[in-house]
Amino acid sequence: IDIQELIEQSIEISNIENKEIMIDWQNHLLEPGFIFGNQRGLIGALANVIGNAIEASPAQGTIQIHLYEADSHFKIQINDFGCGIPKEIA
């Protein structure tokens, strides 16, 4: 599975109803990256995390998604700028 395509499909699914949130998607890989796994399940899981970041973000907010390779692994970093989880819940 092309990991870049996986992320792009997950963004599209999770952001389809919310055009107020800007997604800053940056691929830091020097070469295409491929992974093994269940594509549908991986897209669903990643879209869920992105959807959670969208829900946590203020209106007209930005979510940053970065893809890195580190130690022969891929790292997907998702940052939102919401208020966070209250201490009494965390």
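The structure displayed is predicted, hence computed values, not measured ones.
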So do Ile21 and Asp80 actually touch side chain to side chain, heavy atoms under 4.5 Å?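 Side chain of Asp80 against side chain of Ile21, heavy atoms only: no contact under 4.5 Å found.
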Would you kindly confirm whether [X] and [Y] end up in one hydrophobic cluster when ILVMFWY residues are joined by side chain heavy atoms under 4.5 Å apart?
X	Y	value
Ile35	Ile50	yes
Leu46	Tyr68	no
Phe81	Val49	no

Distance from [X] atom [atom1] to [Y] atom [atom2], nearest 0.5 Å?
X	Y	atom1	atom2	answer
Ile76	Ile7	CD1	CD1	4.0 Å
Ile65	Ser14	CD1	OG	6.5 Å
Ile63	Ile54	CD1	CD1	4.5 Å

By side chain to side chain contact (heavy atoms under 4.5 Å, CB included) - contacts of [X] (at least two apart):
X	result
Gln4	Asp2, Glu8, Trp25, Asn27
Gln26	Asp24, His28, His66
Gln39	Ile1, Leu6, Gln9, Ile43

What residue pairs, at least two apart or across chains, pass ring pair (Phe, Tyr, Trp, His ring centres under 6.0 Å) with a residue in residues 32-51?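 Every pair satisfying ring pair (Phe, Tyr, Trp, His ring centres under 6.0 Å) with a residue in residues 32-51: there are none.
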Could you name each residue pair satisfying side chain to side chain donor-acceptor pair (under 3.5 Å) that touches residues 40-63, not counting sequence neighbours?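 Every candidate side chain to side chain donor-acceptor pair (under 3.5 Å) pair involving residues 40-63 fails, so no pair, neighbours aside, qualifies.
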